[in-house]
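Worksheet for the structure shown next.
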Amino acid sequence: MDYQTILEKVSKAVAPLTGEGKVADYIPALANVNPNKYAVCIDSIDGNLYAVGDADERFSLQSITKVFSLAMCLSIKGEELWTRVGKEPSGTAFNSLVQLEVEGMPRNPFINAGAIVLADVLLTSFPDPEARFLSFVRELCGSDTVDYNLEVAHSEREAGYLNAAIVNLLKYHKKIERDVEEVLAFYFKMCSIEMNCKELARAFLAFANHSRFDYAGVSLTLSQVKRINAVMQTCGFYDEAGEFSYLVGLPGKSGVGGGIAAVYPRRYSVAVWSPRLNSKGNSVMGMKTLELLTTETMESIF
Ligand code: GLN
């Protein structure tokens, strides 16, 4: 398949959408990002890289990092992890408190409440969780300059009233062990990791379920990787998971930095970045790019 030509065609086709949507400005440091940036990159298991646009420019991964925390927590806890967090789609916004109040446990690891529980699992599992998480992520993407962005993490803490409410509700329900401020700080720090589309595609190639998953001491069976894909498919886009599944047909994960990473199992991973978001917090051009990619190629999991 000539992916380079397809990506060029798709990126031209989505260009008229430039200007639609809104950059995530509830995190003050993200409000300054150039909204017109755009990149898409495919990394294939047979060793080819295809890229269009600003694919060397790093951006804030935000909720995409929840896939990395899930991988780490699953490798530590195995199936027992699911006693701390559910694996059902929420059908609500990523930062919603509603179900947590009624059910007392986060629906899944990809909404904020669930990822905050994962942060607590990591904090209680390692003496040096920040360093551990970073070395895992660096090994996944093959770059040792990938890092946390402390300015973004601090800026999010300053405006992070809703996430502070979530962590307090979790503490009330005895769902986290550590101190609320410590958990929140680590959660925001994980969200602040930056990568470019080439690095992000490389990081997700590990989830394309094609070979041994063993990175910086984090090892998963192929069955566990398959299940992470299942959670991405059902929960990766919050209350738009059904729409993404319908339009794109690949397991994936979005972030409010405007990135989306997805995998075509055993074939390739794809990363796309465009900062303007729709009302659900997913990249407008990113979603359209992936929809057109799987339409053009006729390749999806369905
Ligand atoms: N750090 C962001 C938050 O907690 C992540 C949200 C996202 O990317 N959907 O609100």
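Order of appearance sets the numbers: ligands from 1, and atoms from 1 within every ligand.
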| So, is the end of the Lys37 side chain (NZ or CZ) under 6.0 Å from the ring centre of Trp273 and within 45° of the ring's axis? | no

Requested in this report: State whether Phe110 and Lys253 meet the cation-pi test: NZ (Lys) or CZ (Arg) under 6.0 Å from the six-membered ring centroid, and within 45° of the perpendicular axis.
Outcome: yes

Which of the ligand 1 atoms, numbered from 1, are nearer than 4.0 Å to a heavy atom of [X]:
X	value
Asn163	3 (C), 4 (O), 10 (O)
Phe94	6 (C), 9 (N), 10 (O)
Ser63	5 (C), 6 (C), 7 (C), 8 (O), 9 (N)
Cys191	1 (N)
Gln62	1 (N), 2 (C), 5 (C), 8 (O)
Gly255	8 (O)

For [atom], what is the closest protein heavy atom, and at what distance to 0.1 Å?
atom	value
atom 4 (O) of ligand 1	Tyr187 OH, 2.6 Å
atom 10 (O) of ligand 1	Tyr26 OH, 2.6 Å
atom 3 (C) of ligand 1	Glu156 OE2, 3.0 Å

Less than 3.5 Å between some nitrogen or oxygen of Lys66 and one of ligand 1, yes or no? no

Polar atom proximity, Ser254 to ligand 1 (N or O, under 3.5 Å):
no

Main chain of [Y], side chain of [X]: is a donor-acceptor contact present, judged purely on distance under 3.5 Å?
X	Y	result
Ser269	Ala201	yes
Asn229	Val225	yes
Asp2	Thr5	yes

One should read off an interatomic distance between Leu100 CG and Arg107 CZ, to the nearest 0.5 angstrom, of 11.0 Å

Exercise. Do Tyr238 and Ser63 meet the criterion of a side-chain donor-acceptor pair at a distance under 3.5 Å?
Worked result: yes

Partner of Asp120 under salt bridge (charged side-chain N to carboxylate O under 4.0 Å, His left out), picked from Arg84, Lys174, Lys77, is Arg84

